Amino acid sequence: MTAAAVAAVTAGLLWLFLAWSGEPTAPVRIDAVKTAFGVGAGAGGVFALWLATRRQRTLELQLAESTRVAAVTERDLEERRVTELYTKAVEQLGSDKAPVRLGGLYALERLGQDNPRQRQTIVNVLCAYLRMPFKGPEKGLKGTADLEPPDYDESELLVRLAAQELLKTHLTHGEPGYWAGMAVDLQRATLVDFRLSGCTLAAADFSRAKFVGAVHIRGTTFTGLAGFFGARFTSAVNFDRSVFEEGAFFTWARFGASARFTRVRSGARFEFTHARFEGETDFEGGEHQDLDLTDARFPEKR
């Protein structure tokens, strides 16, 4: 509308210029027309500038919207891909073939490495797998030569050992694959030759878990409360130099062999009420805000 008006005014001024060019008063009128032409040209320039600016702004808004839509689409596609990979890996864990289950474990690990937001979920899946019922060996496998035919599923034990090792790998602080801030729930799990030394993790619950074979949790930091209520340790246990920032409870825990809690530090209640120690126990060098050994039972000295 504005462009048409400018064009019409310009045409009218041009007609006046031509019509008055032969009259006596032509010079004055022509000067007026020239001035009007200048004003019209200025108005046209301002309008052209305004129109170009508006077009540029429109293009910028369109580009921003296209970028936003593309980002949303890409994010949706990535989330869908992650979901598909996660679902497929979990389905592999339900296979009756051990190699397929192992493949599922390592697929989950790769997914966690590439997607930090999925790491706690993947740790939860690994813990849930280890909590599933399992009739494992009655003693640890390291350093022994068991000539008796095993009465447990050896292939399943290999899968579980792999799951334990994945937890160890990604909870070890200072390592490239460290996943920070992870919490573990291994209540009632059967854990064989369990190692967690040099790790840092948040809350941990091992209540009523059964530890078969030697347990090494040396130099490990628990930033949250650690629970070992009713846990059973069949072999030697080593918690040397571990740190329990929010304390820990080993209430009703049973230690079937030696238990080392040397140089352990606890920032809150460190409870062993009703715990049973059947081997040598060492708390030397520990720093505890509140060490509670009420009703704990120790082997009689001979």
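Only a predicted model underlies this, so the values are computations on that prediction, with no experimental measurement involved. Quick note: residue numbers are just sequence positions, from 1.
Among all heavy-atom pairs drawn from S155 and R101, the shortest one is OG-NH2, 4.3 Å. Shown here for Q187 and R131, the closest heavy-atom pair between the two residues is O-CD, 3.3 Å. Residues H288 and S266 share a closest heavy-atom pair of ND1-OG, 2.9 Å. Smallest separation of non-hydrogen atoms from H170 and G177: ND1-O, 2.7 Å.
One finds no salt bridge joining E245 and R265 here, because no Lys/Arg side-chain nitrogen approaches an Asp/Glu carboxylate oxygen to under 4.0 Å. Salt bridge E287/R263: absent, no basic N to carboxylate O contact under 4.0 Å. Using a 4.0 Å cut-off between charged side-chain N and carboxylate O, R260 and D282 make no salt bridge. Salt bridge absent: K88 and E91 never bring a charged side-chain N and a carboxylate O closer than 4.0 Å.
Looking at W179 and Q113, their side chains do bring a donor and an acceptor atom within 3.5 Å of each other.
Residues F283 and F272 form a side-chain contact, since some pair of their non-hydrogen atoms from C-beta on lies under 4.5 Å apart. No side-chain heavy atom of I217 sits less than 4.5 Å from a side-chain heavy atom of D240. The shortest side-chain heavy-atom distance between F239 and T262 does not fall under the 4.5 Å cut-off. The shortest side-chain heavy-atom distance between D295 and T273 does not fall under the 4.5 Å cut-off.
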Practice task
Check the pair R57 / E60 against salt bridge (charged side-chain N to carboxylate O under 4.0 Å, His left out), numbers first and verdict last.
Solution key: CA-CA 5 Å; R57 179 57 179 165; E60 290 176 355; 3.7 Å; yes
Exercise for the section: Determine, step by step, whether E138 and K210 satisfy the salt bridge (charged side-chain N to carboxylate O under 4.0 Å, His left out) criterion, reporting the C-alpha distance in whole Å, the side-chain angles of both residues, the deciding distance to 0.1 Å, and the verdict. Expected result: CA-CA 10 Å; E138 294 301 319; K210 180 181 179 181; 3.7 Å; yes
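Partner of F277 under the ring pair (Phe, Tyr, Trp, His ring centres under 6.0 Å) criterion, out of F233, F250, F298: F298 alone.
Here the side chain of T200 pairs no donor or acceptor atom with the backbone of T221 at under 3.5 angstrom. With hydrogens and angles ignored, the 3.5 Å screen pairs no side-chain donor or acceptor of T251 with any backbone N or O of G230.
Ring geometry for F244 against F228 counts as perpendicular: the plane angle is over 60°, on a 0 to 90° scale with 30° as the lower cut.
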